[in-house]
K.L.:
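Handing you this structure, nothing more for now.
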Amino acid sequence: MSTTSTEKPEAARPTAEPAGGAPDTPPPEAPRFILYLQGPEYALALRQLTLWTHHVLLPVYGREVTSSSPWCSRWWEHTEAIAQLHGLWLAWGELTGPYSDMSGPARWHRDFLPSVMGSLRDPQGPFAGCKPGAHRPKEKPTVDAVDPFGPPPSPPA
């Protein structure tokens with residue numbers, strides 16, 4: 001069988017019958033963004049992200065750590081890093097998975113990898129102050145009011 005650059009190979013095309021063989025089985029749910037998850041769901045997503053980060057991203061795309069290009073060896077303790085890496089991982093799955101087209105990996109490299117890694121490794125980014133083997137927690141900005149546009153507090157009775 002031959003395919004043109006716009007066709008997906010037969011093995012990569014979804015079949016009319018959903019996985020599991022039952023015609024009324026709904027398709028699998030797409031992964032949700034990690035910041036919306038809690039408890040065991042969050043722990044599983046973080047575990048999957050960690051495996052991908054440690055076994056794909058860093059071995060292939062992790063460059064030398066310098067003061068002008070930091071990386072934290074405890075990246076999972078930086079919520080911003082978790083959020084950005086999870087978005088990068090979701091894009092990886094969509095653009096390099098079995099149903100992606102042949103230009104998917106090139107788009108991932110062009111559209112997602114440079115901006116996320118540049119943001120994470122920026123000297124003023126989430127890993128600022130971290131050095132190899134030395135994680136430094138970041139101080140969060142203060143907020144004067146929890147909900148500045150919410151209803152005013154009720155007067156004491």
Side-chain angles (χ1 to χ4, degrees), residues 5 8-9 11-12 14 19-20 26-157:
S5 61
K8 293 181 183 175
E29 191 175 311
R32 291 183 16 201
F33 187 52
I34 197 165
L35 294 184
Y36 297 128
L37 305 178
Q38 296 178 14
E41 214 178 6
Y42 177 84
L44 177 61
L46 187 57
R47 173 72 176 137
Q48 292 170 326
L49 176 61
T50 300
L51 290 171
W52 178 79
T53 300
H54 291 184
H55 296 284
V56 177
L57 183 70
L58 292 176
V60 177
Y61 304 102
R63 296 181 181 167
E64 184 176 5
V65 176
T66 66
S67 59
S68 63
S69 188
W71 181 266
C72 184
S73 59
R74 298 178 67 90
W75 60 265
W76 56 89
E77 293 187 19
H78 299 270
T79 306
E80 179 183 352
I82 291 170
Q84 289 197 44
L85 288 169
H86 194 256
L88 188 63
W89 177 61
L90 291 174
W92 168 273
E94 182 175 314
L95 294 171
T96 67
Y99 300 114
S100 64
D101 61 32
M102 291 189 281
S103 64
R107 288 196 320 271
W108 183 83
H109 284 96
R110 181 194 67 201
D111 296 342
F112 298 96
L113 180 66
S115 62
V116 170
M117 292 302 277
S119 173
L120 290 175
R121 306 221 37 205
D122 185 280
Q124 301 303 311
F127 303 143
C130 294
K131 297 179 180 5
H135 164 73
R136 183 177 73 89
K138 305 298 174 277
E139 198 172 307
K140 294 183 174 139
T142 59
V143 178
D144 289 335
V146 175
D147 185 359
F149 302 105
S154 301

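The model shown is predicted, which means the values in this text are computed figures rather than measured ones. We use all heavy atoms of the structure for the numbers below, so side chains are in, but hydrogens, waters and symmetry mates are not.
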K.L.:
Given side chains that start at C-beta, do those of Leu85 and Leu120 come closer than 4.5 Å, heavy atoms only?
P.N.:
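Counting from C-beta outward, Leu85 and Leu120 do come under 4.5 Å.
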K.L.:
Is there side-chain contact between Cys130 and Lys138, with at least one heavy-atom pair below 4.5 Å?
P.N.:
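Cys130 vs Lys138: side chains touch.
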K.L.:
For Gln48, does the CD atom sit with more than 12 other heavy atoms under 6.0 Å from it, leaving out its own atoms?
P.N.:
yes
K.L.:
Could you give all pairs that pass the salt bridge (charged side-chain N to carboxylate O under 4.0 Å, His left out) test and reach residues 35-60, with sequence neighbours left out?
P.N.:
none
K.L.:
Who are the salt bridge (Lys or Arg N to Asp or Glu O under 4.0 Å) partners of Arg107, not counting sequence neighbours?
P.N.:
Asp101
K.L.:
Could you work out, with side-chain hydrogen bond (donor to acceptor under 3.5 Å, both in side chains) as the rule, every residue matching Glu80, not counting sequence neighbours?
P.N.:
Gln84
K.L.:
So, for Ile82 and Leu49, which heavy atoms are closest and what is the spacing to 0.1 Å?
P.N.:
O-CD2, 3.8 Å
K.L.:
Quick one: does any side-chain atom of Arg121 pair with a main-chain N or O of Phe127 as donor and acceptor, under 3.5 Å?
P.N.:
no
K.L.:
Sequence neighbours left out, what pairs pass ring-ring contact (aromatic ring centres under 6.0 Å, His included) with at least one residue falling in residues 138-157?
P.N.:
none
K.L.:
If you take all heavy atoms of Pro126 and Ser119, which pair is closest and at what distance?
P.N.:
CD-O, 3.7 Å
K.L.:
Report the residues that fulfil side-chain contact (heavy atoms from CB on, under 4.5 Å) with Ser115, sequence neighbours left out, ordered by chain and then residue number.
P.N.:
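With neighbours one apart ignored, the set is empty.
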K.L.:
Scan residues 143-154 for pairs that pass salt bridge (charged side-chain N to carboxylate O under 4.0 Å, His left out), counting only residues two or more places apart or in two chains.
P.N.:
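Of all non-adjacent pairs touching residues 143-154, none passes salt bridge (charged side-chain N to carboxylate O under 4.0 Å, His left out).
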K.L.:
Do Leu95 and Phe112 pass the side chain to side chain contact (heavy atoms under 4.5 Å, CB included) test, and can you show the C-alpha distance, the side-chain angles, and the key distance before you say yes or no?
P.N.:
CA-CA 10 Å; Leu95 294 171; Phe112 298 96; 3.4 Å; yes
K.L.:
Do the ring planes of Trp108 and Trp92 sit parallel (below 30°), tilted (30 to 60°) or perpendicular (above 60°)?
P.N.:
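Taking Trp92 first and then Trp108, their aromatic rings stand perpendicular (interplane angle over 60°).
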K.L.:
In Å, rounded to the nearest 0.5 Å, how long is the span from CE of Met117 to CG of Leu58?
P.N.:
6.5 Å
K.L.:
Do the side chain of Ser100 and the main chain of Gly97 share a donor and acceptor less than 3.5 angstrom apart?
P.N.:
yes
K.L.:
Taking side-chain hydrogen bond (donor to acceptor under 3.5 Å, both in side chains) as the definition, give me every residue that meets it alongside Tyr61, ordered by chain and number, with sequence neighbours left out.
P.N.:
His109
K.L.:
With sequence neighbours excluded, what pairs up with Trp75 under the side-chain hydrogen bond (donor to acceptor under 3.5 Å, both in side chains) test?
P.N.:
His54
K.L.:
Restricting to side-chain contact (heavy atoms from CB on, under 4.5 Å), what partner residues turn up for Thr79, sequence neighbours left out?
P.N.:
Leu35
K.L.:
Please report the closest heavy-atom contact between Val65 and Pro132, naming both atoms and the distance.
P.N.:
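Answer, listing the atom of Val65 first, then Pro132: CG1-CG, 3.9 Å.
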K.L.:
Mind checking whether Trp89 and His86 have parallel, tilted or perpendicular rings, split at 30° and 60°?
P.N.:
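Judged by the thresholds at 30° and 60°, the geometry between Trp89 and His86 is tilted.
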K.L.:
So do Leu113 and Leu57 actually touch side chain to side chain, heavy atoms under 4.5 Å?
P.N.:
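Touching, per the 4.5 Å side-chain cut-off.
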K.L.:
If you look only at pairs with a residue in residues 122-136, which of them pass as a salt bridge (charged side-chain N to carboxylate O under 4.0 Å, His left out), with sequence neighbours excluded?
P.N.:
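Those involving residues 122-136 do not exist here.
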K.L.:
Excluding sequence neighbours, so at least two apart, what forms side-chain hydrogen bond (donor to acceptor under 3.5 Å, both in side chains) with His135?
P.N.:
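Applying side-chain hydrogen bond (donor to acceptor under 3.5 Å, both in side chains) to His135 gives Glu77, His78.
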K.L.:
Do the side chain of Ser103 and the main chain of Ala106 share a donor and acceptor less than 3.5 angstrom apart?
P.N.:
no
K.L.:
For Ala43, what residues pass the side-chain contact (heavy atoms from CB on, under 4.5 Å) criterion, not counting sequence neighbours?
P.N.:
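Not a single residue meets the side-chain contact (heavy atoms from CB on, under 4.5 Å) criterion with Ala43.
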